[in-house]
Amino acid sequence: MNYQRFFEEAIDQVHAERRYRVFADIERIAGAFPRAIWRSEGKVEEITVWCSNDYLGMGQHPDVVSALQNAAGRMGSGAGGTRNISGTNHPLVELELELADLHAKEAALVFTSGFVSNEASISTIARLLPNCLVLSDELNHASMIEGVRRSGAEKKIFRHNDVAHLESLLAAAGRERAKLIVFESVYSMDGDISPIKEIADLADKYNAMTYIDEVHAVGMYGNRGGGITEREGLAHRIDVIEGTLAKAFGTLGGYITGSATVVDAVRSYAPGFIFTTALPPAIAAAATTSIRHLKGSQAERDAQQRQVARTKEVLTAAGLPVMPSNTHIVPVLVGDPELCKMATDRLHGLHGIYIQPINYPTVPRGTERLRITPTPFHDDLLIDRLRDALVETWDALGIPYGAAGRPAVASSERIIPLLVPKSGG
Ligand SMILES: *Cc1c(COP(=O)(O)O)cnc(C)c1O
């Protein structure tokens, strides 16, 4: 038996489907986001990152970095074990209080990632409810799909954000059957927002439980960064609010918040929580600092929204096919997997800009795109350079412009993309 062969064939399959990924070898420069060092084939260069999920740049915030350093200096690097076996490091206790307060819930539970929090919580909740029917939005994240699958519960998929479809499925199940609706607030590939109020109304009408993933909204929406549920005043209408500490909060980890009973049940039954070492205390301390900062400071959210609006405006004015989005995510349509890859290679090679191509199966075929995420640190000059680099790339590769077409731009209005300074090897 040649075991290696099966793995080679599996990899060949990914190549054949043109889904094989090569990761960029980058080193983000704290204090200079969105600048980073990119290493490839022995070359070392400085680039601008336009596809980070460190949406507010909190990963380089001096208070967050020093909270991490201080806690590591006092308590060391690791947690020392699972919480069941080795107890809970105090910074994790504080973090959970902070999170419960953020979403105005009774309790919170922290996991080692957002992925694990969804997988562990959804599977446990749906498994503890007798004969539960899970109603899941068709565009839900892989971690939620895994949770539903692992629960062993029956599931029905409703069309994306389609409340009429959801209602027909709820009505068919009847008021008496246990039902769990799982959905997201911000869907991160299109940047659209779900009809949370309508879904909460349906949950009341048909007596269903609700679970929302606010991963792409926490820190960024609501007066204190409590997400879209906070912004819309709907947090109290959702049973479980899940989020990550790894995106806008700039650290690592995931969590759920909800009633003390639901959280205690997940704590007591979820293998993905019980049998794995807790988050390091330094990460917990950094996350708490980041959440506290964003609870009290509107500056990062305002700056992000301003730079996002400007990016959409500038790219649209250049005729680029910016896809509609109500959020901080700026998708630009390419519509072809090869072109999408060529475009991002060219943006890197010629313009020193890093944007990851988004291809099938992450998005439907024919909607391959660049997914651009402006942060408060992408200033107006960087946005202008991005536009010029995209226009040059669109022209060179013959990628279709938006419906309005490419407007004539006087060359004097164009900023010539600066050649990327090469730093020493
Ligand atoms: C990134 C992501 C997660 C997972 O969060 P991590 O903390 O990165 O594991 C969960 N849900 C959605 C919608 C995501 O995009």
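Order of appearance sets the numbers: ligands from 1, and atoms from 1 within every ligand. FYI, side chains are in, hydrogens and waters are out, and symmetry mates aren't considered; it's all heavy atoms of this structure. Everything numeric here is computed off the predicted structure, so don't read it as measured data.
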Salt bridge (charged side-chain N to carboxylate O under 4.0 Å, His left out) involving D379 - partner list, sequence neighbours excluded = none

Are R365 and Y360 in a cation-pi contact, defined as NZ or CZ under 6.0 Å from the six-membered ring centre and within 45° of the axis?
-> yes

CH2 (W50) and CD1 (I355) are apart, to the nearest 0.5 Å, by 8.0 Å

Output the distance between atom CD1 (I358) and atom OG1 (T367), rounded to the nearest 0.5 Å.
-> 10.0 Å

Would you tabulate the polar-atom pairs, meaning N/O of ligand 1 against N/O of the protein, with distances under 3.5 Å, reported to 0.1 Å?
unit_1	atom_1	unit_2	atom_2	d
ligand 1	7 (O)	G114	N	2.8
ligand 1	7 (O)	T244	OG1	2.6
ligand 1	9 (O)	G114	N	3.1
ligand 1	9 (O)	F115	N	2.8
ligand 1	11 (N)	D213	OD2	2.7
ligand 1	15 (O)	H216	NE2	2.4
ligand 1	15 (O)	K247	NZ	2.9

Lys/Arg N to Asp/Glu carboxylate O, R39 vs E45, below 4.0 Å = no

With the threshold set at 4.0 Å, does a side-chain nitrogen-carboxylate oxygen contact exist between E300 and R306?
-> no

